[in-house]
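Chain letters run A, B, ... following the sequence lines, proteins first, then strands; residues in each count from 1.
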Number of protein chains: 2
Amino acid sequence: MEEKILELIENQRLNELRKYLETINSADFPSLFEELEEDKILIIYRILSKEKAASVFAELDSDMQKKLIDCLTDKELKNVIDELFFDDEVDLIEEMPSNVVKRILKNVKANDRKVINELLAYPDDTAGTIMTTEFIDLKENMTVEDAFEKIKKIGLDKETVYTCYVLTIDRKLIGVIDIKHLLISERTIKIKDIMNTNVITVSTLTDQEEVAKMFDKYNFVALPVVDKEFRLVGIVTIDDAIDVMQEETQEDFEKMAAVIPNDDSYFKTSVFKHAKNRILWLIFLMLASIITGGIITKYEKTFSALPILVAFVPLLMGTGGNCGAQTSTLVIRGFSQDEIKLKDFFKVWWKEIRIAFLVGTVLALINTIRIFIQYGVGQLSLALVVGLTLILVTILSKSLGCILPMLAKSIKLDPAIMASPLITTIVDTCSVLIYFQLAVWILGV
Amino acid sequence: MEEKILELIENQRLNELRKYLETINSADFPSLFEELEEDKILIIYRILSKEKAASVFAELDSDMQKKLIDCLTDKELKNVIDELFFDDEVDLIEEMPSNVVKRILKNVKANDRKVINELLAYPDDTAGTIMTTEFIDLKENMTVEDAFEKIKKIGLDKETVYTCYVLTIDRKLIGVIDIKHLLISERTIKIKDIMNTNVITVSTLTDQEEVAKMFDKYNFVALPVVDKEFRLVGIVTIDDAIDVMQEETQEDFEKMAAVIPNDDSYFKTSVFKHAKNRILWLIFLMLASIITGGIITKYEKTFSALPILVAFVPLLMGTGGNCGAQTSTLVIRGFSQDEIKLKDFFKVWWKEIRIAFLVGTVLALINTIRIFIQYGVGQLSLALVVGLTLILVTILSKSLGCILPMLAKSIKLDPAIMASPLITTIVDTCSVLIYFQLAVWILGV
C-alpha cells in the first residue's frame, strides 16, 4: 500500500492516487501516516475528497490531528470540520490545546457552534458527552415512501440511518423504526403503523457505563438520548458504546493493579506521569505492610526459638494473597457484568467458604506431605500448624475477597479498588498473626 | 410490567396480553421469566408471535431454554427453531444435552440441518463458529431499485440488512454496500457503480479475537467471512463480536488472577468446579514459594543474630509484588489492545526501569524516615539495607513485569498467565535473596 502510494506521488499521477486512496478504509490511514514523512502526508491528505478527509481525520490520534491542523489553511480546516460528526468535533475540542481550539471554533458555523457548546456542557462520562445530534427524524404521518425521500435527502450527513426516530412537532420522541422494517414494508404504509412505540431511551445525564451495558443487553446499533421532556436531543452509536466498554474495562484493570487510571496510552504517558499514577497506592500499601512487620516483631521470641517457622511465612502469605485475588477478581467482574448483585452477598460468601475449605484442605495435605519429605515425619506438629494456618488463611482470604468488594459497592465506591493488592496486604497481616499464634499454642514456643 | 401481565392473564384478556407482550423488548423477557412461575411462562410464551417467540428464545440462558424445550410440543419447537438465526441455533445445539439436541435436529428442515452441521464443524473460537449464513446478497448488475425489491422479499429472515454483499454467480464476494449508500442513491443506478470493491474480510478459520478487534478498528456492524476461494460463506454481526470481546476480557481477568477460565457464569459453576479451576495454580505457586522459604532458611544465622530483619520481609515482598503487578498488567493490556508490540520490548523495558528508579527512590526515602522515627536515627545501616533493597526490588519487579509477558508472547503463550500471582511469587524469592545478602554485606551479620 505504502509503496504504491509513494510511487504514484513520485510520478505525479495524482488522479490515480486520489482514486486509489478512496478505496482504502479510513481506519487504515493512521498506521499508513505513521510510516510516511510529513510532506507526503500533506499531499495525500489534501488530495482526499471532503468526506474522506473528514472520516480519515476522525480516525487519527490527537497528536496527529494537531500536527495536521497546524499545517492546514483556515479554509481547509473549515472543510474538514464541516464534515465531521458532532461527537467527533467535541472529542477533538476536548483534546486540543486552547490556541488550536480557538482556531477550530473560529471555523465552525455559528449554528454548529451552539450545538458544540451544548455538547461540551454535559458532565464527564454521561450519555450527553458521547452522543451525536445527527440522526434521521421522521413524522408519524409520513408514508414509508416519504421516509425514503427524506433519508435520501439528509441521510449522507447523518451518523447512522440504521434506526430512524419518529418525533412530534415539538420534537418529543414517540417511536423508533429500524431501517429493515422500512425496507420490508409497503411504500404506502404510514410510519405510525409500523413504528415501535415502546422506545428504550437514556437521558443526557445517564452514566456512559450504563449506556454501554444497554447496548450489550439489547443489541442496539444506536440508542436515543432524551431530555426531561422526552424530547430527542441526540443518539449514541454502537462504535462509541464499544469505546466506552473498553475504556471502562481498562480502568478496571488499572484499578485492580493499584494503578490510578489514565486516559492516555502507555507510550504517550511520560515516565514521570507513570510514576505518579503508581506511587500513591505503593506508598499506602507499603505503610500498611508495616503492621505485618510489627506483628512479626511481636513474635520475635517465638521464631528465635524455632527459626524454621520463618521459612513458611512466604508460602502462607503468598497463598493467602493468591486465594484473595482469585475471589476478588471474580466478584468484581461479576459486579461489572451485572451477574452478581449486592443481594447475593450471603450466597456468594457461602459458596466461597465451601470452595476455600476444599482448596485449603488440598493445599494443606500437599504441604504436609512436602514437610514430611523435607523434614521427616517427626515434624507432625509443625505440619499441623502450617496446615491449619493454610486452611484458615484460605477461608479468610476468600471471605475478604468477597466481603471487601461487596462493602465497597454498598458504600458506592468502585469495587475494583478492593482487588488483589489491597486484599493481599490485609491477608498478609492476618496470615502472620494466625500462623504465629497457632505456633505458640500448638508448639508451645 | 410483571403485574400488568399477571392481571391480563388472570382476566383472560389474551388478545390484549399478546399486544402488550409484542411491545416488550425481547431482551427484557429473561428477567421477566425469572419472576414468574412455569405455567405463567408457558402461557406467555405460547401467545407470542412466531418471530417474537424466536427472538425471545435467543435471549434466554441455556437452563431456561432447556426448560422451555421440555415443555413445548414438537410442532411448537419446530416453529421456534425455524425462526432462529443459524448462529443462535448452533449456540443452542452446543449448549444442550444430547437428548435435547436429538429433538432439535429432528425438527430442523433437511436443508437447514446441512448448514448447521457445517457451522458445527468449524474449530472452536474461529469466525466460522460465530458467523451466520443469513445475509443479503446482491448481483453487480442489479439497480438500486432491484436491490430494494430483493431486500423487501428476503430481508425479514436476514440477521442484518445494514450491509449488503455483492456476489458473482459462483458466490465470490466482489463488493459490499452499506444500506445508507443504497438509500441515498438514485434508484436507476447500478450496484456495481456504487459498491465498495475494497472489501475487508476474514476467513472461516480466523481467530474470533482477531474478528472482534477488526470490528473495533473499522467500526463495522457486520464483517463478511469467506472461504479459500473468496466465496462468501457467512457474516459475523456486531452483537456476536461484542460477546467475543467480553468473553476474551473475562478470560484475561481470570487468567491474570490465577484462575483457569470457565465459560459458565459464577453462580452456574459448582463449588467443586470452582475449586478445580483455582487449585492448580495455587498448588504450583505454593510449591514455587518453597524456594523463598529455602532461601530464608539459608540466612537463619543472619536473622537469628538480628531478628528485626524479619520484620521488613512482608514490606519488601509486598512492594515487589505490587510493582510487578502494575507493570505486568499494563504490558498485558497493551498487548491485548495492540498498543504494545514485541518490537517495543526495549522501549518498554527502558521506560519501566526509569519509572522503577523514580518510584523505588521515593519509597526508600519514605521508609527511611519511618525507620528513623520508629527505631531512631542510629539505625542508619538498617535503613540503608532496606532502602537499597526497595530500589533494587522495584527495578527488578518492574523489569520482570515487562520481560515475562513479552517472553510469553514471543513463544506464543498467552501473556495473561504472566500476571501478578506468578510474578509476585518470583519477585518474593528475589527480594528475600537480595535483602539478606545486602544485610550480610552491609551489616556484617
| task | Just give me the residue among B:Ile290, B:Leu358, B:Thr329 that pairs up with chain A most often, heavy atom to heavy atom, under 4.5 Å. | result | B:Ile290

| message | Between B:Gly318, B:Pro314, B:Cys323, who has the most heavy-atom pairs with chain A when the cutoff is under 4.5 Å? | response | B:Pro314

| field | Heavy-atom pairs under 4.5 Å with chain B, option from A:Leu282, A:Thr327, A:Val259 with the top count | value | A:Leu282

| Do any N or O atoms from the side chain of B:Lys158 and from the backbone of A:Lys180 form a donor-acceptor pair under 3.5 angstrom? | no

| Should B:His274 and A:Val359 count as side-chain neighbours, where that means a heavy-atom distance under 4.5 Å? | no

| message | Could you report the tightest heavy-atom contact between B:Phe303 and A:Pro307, atom names first, then the distance? | response | CZ-O, 3.9 Å

| Largest heavy-atom contact set with chain A, pairs under 4.5 Å, which of B:Ser289, B:Gly321, B:Pro421 | B:Ser289

| field | Selection from A:Glu59, A:Glu254, A:Lys347, A:Gln374 maximising heavy-atom pairs under 4.5 Å formed with chain B | value | A:Lys347

| remark: NZ of A:Lys351 to OH of B:Tyr266, rounded to nearest 0.5 Å, is 6.0 Å

| query | Is it the side chain or the backbone of B:Ile340 that comes within 4.5 Å of chain A heavy atoms, both, or neither? | reply | both

| Winner by heavy-atom pair count (cut-off under 4.5 Å) against chain B, out of A:Asp178, A:Thr237, A:Val432, A:Asp243 | A:Asp178

| query | How long is the span from the CG atom in B:Leu287 to the CD1 atom in A:Ile366, to the nearest 0.5 Å? | reply | 6.5 Å

| remark: Under 4.5 Å to a heavy atom of chain A? For B:Ser270 that would be backbone

| message | Report which part of B:Phe312 has an atom under 4.5 Å of a heavy atom belonging to chain A: side chain, backbone, both, or neither. | response | neither

| task | Search all heavy atoms of B:Ala257 against all heavy atoms of A:Ala325 and return the closest pair with its distance. | result | CB-O, 3.9 Å

| request: Counting only heavy atoms closer than 4.5 Å, note whether B:Ile151 contacts chain A via side chain, backbone, both or neither. | output: both

| note | Per-residue tally against chain A (heavy atom, under 4.5 Å) across B:Asn196, B:Asp344, B:Ile24 peaks at B:Asp344

| request: Answer yes or no: is there an ion pair linking B:Glu352 with A:Arg278, defined by an N-O contact shorter than 4.0 Å? | output: yes

| field | NZ/B:Lys341: more than 12 non-hydrogen atoms of other groups inside 6.0 Å | value | yes

| With a 4.5 Å limit on heavy-atom distance, are the side chains of A:Ile179 and B:Leu183 in contact? | yes

| query | Are B:Gln250 and A:Gln337 side-chain neighbours, meaning at least one heavy-atom pair lies under 4.5 Å? | reply | yes

| said: When you compare the side chain of B:Ile242 with that of A:Ile238, does any pair of heavy atoms fall below 4.5 Å? | reply: yes

| Side chain / backbone / both / neither for B:Phe357 at chain A, heavy atoms under 4.5 Å | neither

| task | Compare all side-chain heavy atoms of A:Trp350 with those of B:Val271 and state whether any distance is below 4.5 angstrom. | result | no

| said: Among A:Ile283, A:Val331, A:Leu390, which residue has the highest count of heavy-atom pairs closer than 4.5 Å to chain B? | reply: A:Ile283

| task | Give, as side chain, backbone, both or neither, the part of B:Glu22 having an atom under 4.5 angstrom from any heavy atom of chain A. | result | neither

| field | Rounded distance [0.5 Å steps], CG in A:Asn25 versus OH in B:Tyr218 | value | 5.5 Å

| task | Would you mind reporting whether B:Ile184 and A:Val161 have side-chain heavy atoms less than 4.5 Å apart? | result | no

| field | Nearest-0.5 Å distance, OH of residue B:Tyr20 to CG of residue A:Asn198 | value | 7.5 Å

| message | Quick check on B:Thr269 against chain A: is it the side chain, the backbone, both or neither that has a heavy atom closer than 4.5 Å? | response | backbone

| message | If you count heavy-atom pairs within less than 4.5 Å of chain B, which of A:His181, A:Lys398, A:Lys153 leads? | response | A:Lys398

| Between A:Ile332 and chain B, which part of the residue has a heavy atom less than 4.5 Å away: side chain, backbone, both or neither? | neither

| query | Taking atom CG of A:Leu363 and atom CE of B:Met286, what is their separation to the nearest 0.5 Å? | reply | 5.0 Å

| remark: Honestly, the part of B:Ile296 sitting under 4.5 Å from a heavy atom of chain A is side chain

| remark: In terms of heavy-atom contacts, B:Glu339 and A:Ser265 come closest through OE2-CB, 2.9 Å

| query | So, for B:Ser420 and A:Ser420, which heavy atoms are closest and what is the spacing to 0.1 Å? | reply | OG-OG, 4.1 Å

| task | Select one option (side chain, backbone, both, neither) describing which atoms of B:Ser185 are under 4.5 Å from chain A's heavy atoms. | result | backbone

| Hey, does B:Thr292 have a side-chain heavy atom less than 4.5 Å from the side chain of A:Leu315? | no

| said: When you measure from the side chain of A:Glu300 to the backbone of B:Ile308, do you find a donor-acceptor pair of N or O atoms at a distance under 3.5 Å? | reply: no

| said: Walk me through whether B:Phe267 and A:Val348 qualify under side chain to side chain contact (heavy atoms under 4.5 Å, CB included). | reply: CA-CA 8 Å; B:Phe267 288 117; A:Val348 176; 3.7 Å; yes

| said: Working to the nearest 0.5 angstrom, can you tell me the gap between B:Gln326 CD and A:Ile260 CD1? | reply: 9.5 Å

| With a 4.5 Å limit on heavy-atom distance, are the side chains of B:Gln246 and A:Met245 in contact? | yes

| task | Examine whether an atom of B:Asn367 lies under 4.5 Å from a heavy atom of chain A, and if so say whether it belongs to the side chain, the backbone or both; otherwise answer neither. | result | both

| field | Residue selection (most heavy-atom pairs with chain B, distance under 4.5 Å) from A:Val221, A:Thr297, A:Asp428 | value | A:Val221

| note | Scanning both residues in full, the closest heavy-atom pair of B:Phe253 with A:Thr249 reads CE1-CG2, 4.0 Å

| Toward chain A, the part of B:Glu186 with a non-hydrogen atom under 4.5 Å | both

